[in-house]
Amino acid sequence: MPTVKGDGMRGLAVFISDIRNCKSKEAEIKRINKELANIRSKFKGDKTLDGYQKKKYVCKLLFIFLLGHDIDFGHMEAVNLLSSNKYTEKQIGYLFISVLVGASNELMKLVIQSIKNDLTSRNPTHINLALHCMANIGSREMADAVGSDIPKLLVSGDTIDSVKQSAGLTLLRLLRASPDMIPIGEWTSRIIHLLNDQHMGVVTSATSLIEALVRKNPEEYKGCVSLAVSRLSRIVTSSYTDLQDYTYYFVPAPWLSVKLLRLLQNYPPPEDPSVRTRLTECLETILNKAQEPPKSKKVQHSNAKNAVLFEAINLIIHMDSDPNLLVRACNQLGQFLQHKETNLRYLALESMCLLATSEFSHEAVKKHQDTVITALKTERDVSVRQRAVDLLYAMCDRSNAEEIVGEMLEYLESADYSIREEMVLKVAILAEKYAVDYTWYVDVILNLIRIAGDYVSEEVWYRVIQIVINRDDVQGYAAKTVFEALQAPACHENMVKVGGYILGEFGNLIAGDPRSSPLVQFQLLHSKYHLCSPNTRGLLLSTYIKFINLFPEIKTSIQEVLGSDNNLRNPDVELQQRCIEYLQLSTVASSDVLATVLEEMPPFPERESSILAKLKKKKPTAAPEGETKEKEHRAIPQAQINSSETSAAPPAASTTITLGGSSAAGGGTVDLLGLEPTPPAPSAAVSSGLNFLVDVFGDQPSSTTNGFDSTFGSGSGGLTPGAEENYKKFICKQNGVLFENDLLQIGIKSEYRQNLARVGVFFGNKTTFQFTNFVSDLVLPGNLSSALSVQPKPVDPTVDGGAQVQQLFNIECKDEFSEAPLLNISFTYSGKVQRLCLKLPVIINKFLEAAEMNSEAFFTRWKALSLPEQECQKIFKAQYPQDTEQVKQKILGFGLSILLGIDPNPDNFVSSGVLHTRNQQVGCLVRLEPNKQMQMYRLTIRSTKPSISQALGALLETQF
Amino acid sequence: MMQFMLLFSRQGKLRLQKWFTAYPDRTKKKITRELIALVLARKPKMCSFLEWKDLKIVYKRYASLYFCCAIENDDNELLTLEVIHRYVELLDKYFGSVCELDIIFNFEKAYFMLDEFLLGGEVQETSKKNVLKAIAAQDLLQEESEEPKGFFEDFGFMTGN
């Protein structure tokens, strides 16, 4: 028995020895049950136990629990220990509570009472016990009961350092349990200033708390940025002797450095230039230190040093603004790729994935392609190889896609089973995304099926069919290639499915070659039939009926198969039904009807690959979307987008009676793909034949991700919620963000000269995935088309992840107008069509040109416009602070001049402008009188045209 | 933030468990079983980091004991290795060349030490001196408050144990 530290509870030590000496599990259980019975009788017995005994028994129970046995008594005794005056009894009581008592336990009220008592103790060790208990099991109930006392402890000058440290992290725990409990106002700055505390331990603990607070309320806590930077700067420039015991293996304060670097990842790069420079210097120093010779050979030294380095690189990637730092980071990671430490290679591959997504460092990452491919082939640890796969996926672009896909395919042959499915998905996505030549794409997918057929999910082979059907340049090649692939003596069932489907559609394209004549094709497919699952057989039967249409000459051979006993009386109802119906169809229907029913599949509506969705589902971290970036986005009020399934609006003009047709032919349900054993309600299929197939290929409509409202809204007519507020902001400015949600940011840059406008609309894809079918149309509602003439420039139909595309409109104002042009945007993201309808901020006042005049001229004109209808007057309450400078800026932004020395009251604004349209020019005079006491304005506008006065009045009224 | 820390032997016996977030007991047992099997199956020289569900596992073996931490995605793996190392150093200093048995027989001390070092899943105090000072202060209180018990009573003979 080893020595027991401190006082030792010898009874406990003896018991533990006993347990360890048990020769069998049974003996152990027997010993434990004996002990439990003994403890139970002690607790129930008449003799009152003293504190020591209680402590000992509670500790034994704890040990039994930790061995994995259930404990259903002793809780009360543990709670009793909490009110003991003896430190060790209290301590064991709290330990038992922390390990064994859940937040929902009915004893929690008593526990909280004890915590309250201990928090007010004069003995700091008692306070710390109570804090540790809360930090371990803190709940909402605790937060409500004592939460408000903790901030005081944390910042009070009377509190000793060790209590401050515990209080900081206790508060953090309570905050997690009760997120609404954010200390603000007076506490904010005192908590932030803990970053300046002299005691490094206090700073270490406070930094974690501050980061949690920052995540909840970045604005309130943004003062921490400069303090964190200066603290960090002091650490990285200190020598390792400066920080004494906070230096860890010659690395100054690595834990605090990492926490500070993480804290800074919650904010954009500092705005203050001096803070920013200082931070850049810190990051450079950290990168420089990585190049210095190590101060120790111990792994702890290099780990601590590199931990700081990796966190610094994370911050560099997060800021994504300094190309120099990004490239240096990339080079540093490049060195690690060949380091002898597996851990470093792993982390370097992981971090490089993020660098690959930055425009500044993508090319620098690509330089390491060969090293990464070698890693994929030679690393002995599958988790490292997995990282290499991730990185290859992230660094892939059009220039290296063939090589990377080729290497991944090659590796797939020997890849670990655990990562095959994910690799298959990645290869399929890359091949599709970067295919220039679709024959290459077809080859890649068929290779995937050949090499790793079992891991090729439905999404992958659905997708290849979808693409082949939509691209007629590749159909013949696809037919030829699948035909060849099917000739292998053993081919995967997925190959039979793809082959069956493609030959059924495009077998005619290769039928001219006697080596692949109709009969040969049919026999080849049918030779696989008996080895396949019912699902695939169903698909093959559909291929056969299509063959009857394509190749009437082999009709009898096929009818024989359909009519065979084995098929007509197949125990599988689906197969039996198909055979009966197809046989009937082939005999009853004329060749015209047959040709109509079995016409070639219409193209699938373009949509984002469902494979991507699958990959995302499989591995939420696969898409290297910066976590922190997401956090920022969360703060932006979410505008909603009208999204709809494509199926909600099927292309109407499709004469193909795919499935709906077959219900007429016998009430059956026949899907030509044969994917669903029980197809959805036939009535739906009749009304829109295409729906069904679309649904098969699409995501389930149930998932409304990103908090998008999947209601279709009122179609293109309905304005997207949130669009109107932003539109109003453009009345007095030319540039800015018009719309933003989780997927997309739309910015506007516009220039006006007299009656001409150039409006640039910038669409930024905020996701890491491509938008496809991107369409942006400008609609001029009502008679707007007679007032504006618009020349839109086309916009690229695909927007890559993270990319921005611009659409330019040249606009001429011919006549006055009041309505706004509508921008209808639609695109496919994650298999769903997203629609937006926004007002383009082309507003009548944009065509105003400021005019200068002296007092005399102004009054002459003012008096000349004296007809009541020429004047528009508004009296309204101020919506914004009545700040002279801001009002001035708004008037100038509106397009008017500021005329000085005209109004005797210097607080009033007098302005003028000329409105330019092609047909006329209208002079306008404006007077705005603020009343600061009443917080009101009086606005008067006079112009030659009453309608212009009214229109400008209505616009200006909303701005002050 | 660290989610939990497990200490287990090469034979797969759990020696210490510290959970920084609340899980039901059944889940804890399941996680423990799964992770012990996962980590024990790994060969030496393999990477010390693993992706596991939506967490990252960082583990390291010291003699017969495995130390295994689960951290969140944005936590620093390398530094977590050093959290383990610092904890081992603390135990080592306190027990004087720590071994598995010390942790078995003094599990409560191992918990107290951990509370001084990590709190709420975050590093609280990285100075070895300060942590040991705090533990020494606890021991001092213990000695003051305890009256020595008779040998027989402790063995339970007096109370018919």
Side-chain angles (χ1 to χ4, degrees), chain A residues 1-2 4-7 9-11 13-14 16 20 38 52 59 62-63 66 68 86-88 91-92 95 102-103 125 132 135 137 162 165-166 169-170 172-173 200-201 204-205 208 245-246 248 253-255 258 262 300 303-304 306-307 310-311 342-343 346-347 380-381 383-384 620-621 627, chain B residues 1 14 16-17 20 22 25 29 43 45-51 54 73-74 76-79 81-83 85-86 94-95 99 101-102 104-109 111-112 115 119-120 122-130 134 137-139 141-143 145-147 149 151 154-156 159 161:
Chain A
M1 191 164 42
V4 176
K5 275 294 210 174
D7 71 319
M9 288 168 276
R10 255 169 286 171
V14 170
I16 296 175
R20 286 182 54 76
N38 173 44
Y52 171 77
C59 217
L62 191 53
F63 181 78
L66 291 170
K86 289 185 180 160
Y87 180 77
T88 54
Q91 197 182 23
I92 293 291
L95 179 61
T125 53
H132 289 181
I137 58 166
S162 70
Q165 279 172 277
S166 303
L169 292 174
T170 301
L172 170 59
R173 167 72 194 227
M200 291 282 275
T204 306
S205 120
S208 294
D245 212 28
Y246 288 91
Y248 180 83
W255 279 280
V258 165
R262 263 188 60 181
Q300 283 76 29
N303 277 353
N306 291 326
F310 273 103
E311 209 58 57
T342 315
N343 289 344
Y346 175 97
L347 294 175
R380 281 188 294 175
D381 183 350
S383 43
V384 185
T621 50
E627 282 256 321
Chain B
M1 156 200 186
L14 187 61
L16 198 77
Q17 44 176 320
F20 295 107
D25 281 343
K29 283 187 180 165
K43 299 189 190 76
K45 292 271 170 193
M46 274 189 163
C47 179
S48 312
F49 318 129
L50 284 175
E51 277 189 340
D54 53 349
N73 237 316
D74 47 3
N76 193 307
E77 293 99 334
L78 283 174
L79 208 54
L81 273 181
E82 296 319 301
V83 165
H85 186 75
R86 169 96 326 164
Y94 182 74
F95 289 110
C99 68
L101 280 183
D102 289 320
I104 298 172
F105 279 92
N106 298 284
F107 65 93
E108 79 281 12
K109 283 286 169 210
Y111 273 114
F112 298 148
D115 272 348
L119 203 54
E122 307 282 355
V123 173
Q124 175 183 207
E125 176 56 86
T126 68
S127 156
K128 200 153 61 172
K129 266 189 215 151
N130 286 353
Q138 289 178 9
D139 284 348
L141 283 170
Q142 197 161 36
E143 273 150 33
S145 63
E146 297 297 343
E147 296 152 31
K149 297 279 162 181
F151 177 80
D154 252 355
F155 268 73
T159 49
N161 187 357

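Every chain is numbered from 1, with letters handed out A, B, ... down the list of sequences.
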Quiz item: Step by step, would you call A/Y246 with B/T126 a side chain to side chain contact (heavy atoms under 4.5 Å, CB included)?
Solution: CA-CA 6 Å; A/Y246 288 91; B/T126 68; 3.3 Å; yes

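- B/F107 pairs by the ring pair (Phe, Tyr, Trp, His ring centres under 6.0 Å) definition with A/F63, not counting sequence neighbours.
- The minimum heavy-atom distance between A/A135 and B/L119, with the atom names listed, is CB-CG, 3.5 Å.
- A donor and an acceptor atom, one from each side chain of B/Y111 and A/Q91, are nowhere located under 3.5 Å apart.
- Between chain B and the residues A/C59, A/S208, A/S205, A/S162, the most heavy-atom pairs under 4.5 angstrom are made by A/S208.
- Considering all non-hydrogen atoms of both residues, B/Q124 and A/S166 come closest at OE1-OG, 2.8 Å.
- Between the CD1 atom in A/I137 and the CZ atom in B/F20 there is a gap of 14.0 Å [rounded to 0.5 Å].
- The residue among B/D25, B/N76, B/V83 with the most heavy atom pairs within less than 4.5 Å of chain A is B/N76.
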Self-check item: Evaluation steps, side chain to side chain contact (heavy atoms under 4.5 Å, CB included), between A/W255 and B/E82
Solution: CA-CA 9 Å; A/W255 279 280; B/E82 296 319 301; 3.8 Å; yes

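- When heavy atoms are compared at a cutoff of 4.5 Å, A/T204 approaches chain B by way of both its backbone and its side chain.
- Comparing B/G120, B/A134, B/A137 by heavy-atom pairs within less than 4.5 Å of chain A, the highest count is held by B/G120.
- Contact annotation for A/L95: only side-chain heavy atoms (C-beta onward) come within less than 4.5 Å of a heavy atom of chain B.
- Taking NZ of B/K43 as the start and CG of A/D381 as the end, the distance is 8.5 Å to the nearest 0.5 Å.
- Between the side chains of B/Q138 and A/T125, no donor-acceptor pair of N or O atoms lies under 3.5 Å.
- For the atom pair CG of A/N343 and CG of B/L78, the computed distance is 6.5 Å after rounding to the nearest 0.5 Å.
- The shortest side-chain heavy-atom distance between B/M46 and A/Y346 does not fall under the 4.5 Å cut-off.
- Residue A/K86 holds its NZ atom at 13.0 Å from CG of B/L141, rounded to the nearest 0.5 Å.
- For a residue to count as touching a neighbouring chain, one of its non-hydrogen atoms must lie under 4.5 Å from one of that chain's; by this rule B/K129 touches chain A with backbone and side chain alike.
- Of the listed residues (B/L14, B/I104, B/L50), the greatest number of heavy-atom pairs within a distance under 4.5 Å of chain A belongs to B/I104.
- Atoms CD and CG, on B/E108 and A/L66 in that order, are 10.5 Å from each other to the nearest 0.5 Å.
- For the atom pair CD (B/E122) and CD (A/Q165), the distance works out to 13.5 Å, reported to the nearest 0.5 Å.
- In this structure, chain A has a heavy atom under 4.5 Å from the side chain of B/L81, while its backbone stays farther away.
- Proximity to chain B (any heavy atom under 4.5 Å) is restricted, for A/L347, to the side chain, taken from C-beta onward.
- The candidate with the highest count of non-hydrogen atom pairs below 4.5 Å against chain B, out of A/I16, A/T342, A/T170, is A/I16.
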